[in-house]
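The structure's right below; bear with me while I get my questions together.
As the structure is a computational prediction, the values presented were derived from the model and not from experiment. Note: hydrogens, waters and symmetry copies are ignored here, and every other heavy atom, side chains too, is used.
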Amino acid sequence: MNAIRPNRQWLFYFALALPGILAPHSDFISINRSWFTLGLLLPGMHLRVGDLSFVGNGHRLSLQPDPLLLPISIALWTGVIWLAWKVRQWAVQCPGYRGPVVQALITGSYGLLLLWFLSGVTEVCWEWRLLGIDDSLELVTAFRFARRALPILYTLAVGGAAAILVVDSFSRSFRHRLVYVASALCLCGGVGASLVPYCDWQLRHLDELILDSQKQALKQTN
C-alpha cells in the first residue's frame, strides 16, 4: 500500500468501497415489478426491475439514484473503507493478541460486505430472468433449479468467506494465527447459523412456487 502514490490512494479506497455503494437489497417485490435499494448506509437510490409504465414501455431495468445521495454515498463509503484500512494496518503491526482479533473482524466484515453484494446482484439477475418467462413449465424448471442451487450457493459463500480469512491469517505468526483463525471461525459460524433459518424459509417458499407453477401448467394444458 505504501507503493501507491498518495494521489491514487483514494481511487484504491473507492474501488474497495464499490460493493458497499452498489450493494442492492430488496426494497419491494411483486409479480411483475421489483425494487432494490442500493447501498447499505443511505436509502434513496433505487434499481427497478420490471415493466415500469411510468418510465417507459419495455424498460425492464432502470437505475434512478437520487442525484444528491449518490455522491454522499460515495464519499461516506470511501471514508468508511479508508478508516477500516487504517485500523487494519494498525492491527497487522500490533504485536499483541488484540491485533489478530481486530484484523479478523475487519477482514470478516469486508467479506460479509462482499457476500451481501454478490447476494443482491444474484437476486437482481434472478428477478430480471423471471420477467422473461411466460410459460408455466419453464417457471417450474427455473424454480427447481433455484431449489437445488440455493443450498450450494450458501455453502460456497460461507466457505469463500472462511477461505478469505484463512488466507489473510498467513501474515501472522503461528501463535497469533491460531487466535486469528479462532476469531474467524466464530464469525463464520455465527453468520452461517443465522443464514440457516433464512435459507430454510427460502426453500419452503420455492417449494410453494413450484407447486403453484405446476398447477398453472396443468390448467394451461387442459
### Task
Could you tell me which non-hydrogen atom of A23 sits nearest to which non-hydrogen atom of W116, and how far apart they are?
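Closest heavy-atom pair between A23 and W116: CB-CD1, 3.8 Å.
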### Qualifying salt bridge (Lys or Arg N to Asp or Glu O under 4.0 Å) pairs, either residue in residues 148-170, two or more places apart
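Counting only pairs at least two positions apart or across chains, the salt bridge (Lys or Arg N to Asp or Glu O under 4.0 Å) contacts touching residues 148-170 are R88-D168.
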### Message
Quick check: is L114 connected to L18 through a chain of hydrophobic side chains (ILVMFWY, heavy atoms under 4.5 Å apart)?
### Response
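Linked within one cluster.
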### Message
Let's go through L63 and L38 carefully: what are the C-alpha distance in whole Å and the side-chain angles of both, what is the deciding distance for side chain to side chain contact (heavy atoms under 4.5 Å, CB included) to 0.1 Å, and is it a yes or a no?
### Response
CA-CA 10 Å; L63 173 62; L38 297 181; 3.4 Å; yes
### Task
Output the distance between atom CD1 (I210) and atom CZ (R147), rounded to the nearest 0.5 Å.
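Going from CD1 on I210 over to CZ on R147, the span is 7.0 Å.
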### Message
Quick check: is L118 connected to I164 through a chain of hydrophobic side chains (ILVMFWY, heavy atoms under 4.5 Å apart)?
### Response
no
### Task
Identify whether V87 and V92 are in the same connected component of the hydrophobic contact network (ILVMFWY, side-chain heavy atoms under 4.5 Å).
no
### Task
Would you check, one step at a time, whether the test side chain to side chain contact (heavy atoms under 4.5 Å, CB included) holds for R8 with Y13?
CA-CA 9 Å; R8 296 181 181 178; Y13 298 134; over 6 Å; no
### Query
Taking a hydrophobic cluster as the set of Ile, Leu, Val, Met, Phe, Trp and Tyr residues connected by side-chain heavy atoms closer than 4.5 Å, whether directly or through intermediates, do V166 and I106 fall within one such cluster?
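Not linked; separate clusters.
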### Task
Can you measure from CG (L113) to CG (L40) and round to the nearest 0.5 angstrom?
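Answer for the CG-CG pair, L113 versus L40, is 6.0 Å.
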### Task
For A157, check side chain to side chain contact (heavy atoms under 4.5 Å, CB included) against everything at least two apart and list the hits.
L115
### Query
According to the salt bridge (Lys or Arg N to Asp or Glu O under 4.0 Å) rule, which pairs have a member within residues 101-113, sequence neighbours left out?
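Residue pairs with at least one partner in residues 101-113: there are none.
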### Test item: I152 and L156 side chains (from C-beta on) under 4.5 Å apart, heavy atoms
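SC-SC contact between I152 and L156 confirmed.
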### Query
Hey, mind stepping through T141 and F145 against side chain to side chain contact (heavy atoms under 4.5 Å, CB included) and telling me if it holds?
CA-CA 6 Å; T141 303; F145 170 78; 5.7 Å; no
### Task
Compare all side-chain heavy atoms of P24 with those of E123 and state whether any distance is below 4.5 angstrom.
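They are not in side-chain contact.
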### Task
Starting from the C-alpha separation in whole Å, work towards a yes-or-no answer on side chain to side chain contact (heavy atoms under 4.5 Å, CB included) for L203 and C199.
CA-CA 6 Å; L203 293 177; C199 181; 4.2 Å; yes
### Query
Do T78 and I74 touch side chain to side chain, with heavy atoms closer than 4.5 Å?
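With C-beta onward as the side chain, the pair touches.
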### Task
Drop me the distance from I72's CD1 to D66's CG, to the nearest 0.5 angstrom.
8.0 Å
### Spatial distance of atom CZ (F36) from atom CZ (R48) [nearest 0.5 Å]
13.0 Å
### Task
Mind telling me whether Y198 and W201 have parallel, tilted or perpendicular rings, with 30° and 60° as the class edges?
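Judged by the thresholds at 30° and 60°, the geometry between W201 and Y198 is parallel.
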### Message
My understanding is that only one of W10, F12, F14 makes a side chain to side chain contact (heavy atoms under 4.5 Å, CB included) with W82; could you say which?
### Response
W10
### Task
Find the distance between CD (Q93) and CD (Q103) and round it off to the nearest 0.5 Å.
10.5 Å
### Minimum heavy-atom distance A146-W126, with the two atoms named
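So the minimum-distance heavy-atom pair works out to CB-CH2, 3.8 Å.
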### Query
Should M45 and S73 count as side-chain neighbours, where that means a heavy-atom distance under 4.5 Å?
yes
### Message
Rounded at 0.5 Å granularity, tell me how far CG in L16 sits from OH in Y110.
### Response
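Answer for the CG-OH pair, L16 versus Y110, is 4.5 Å.
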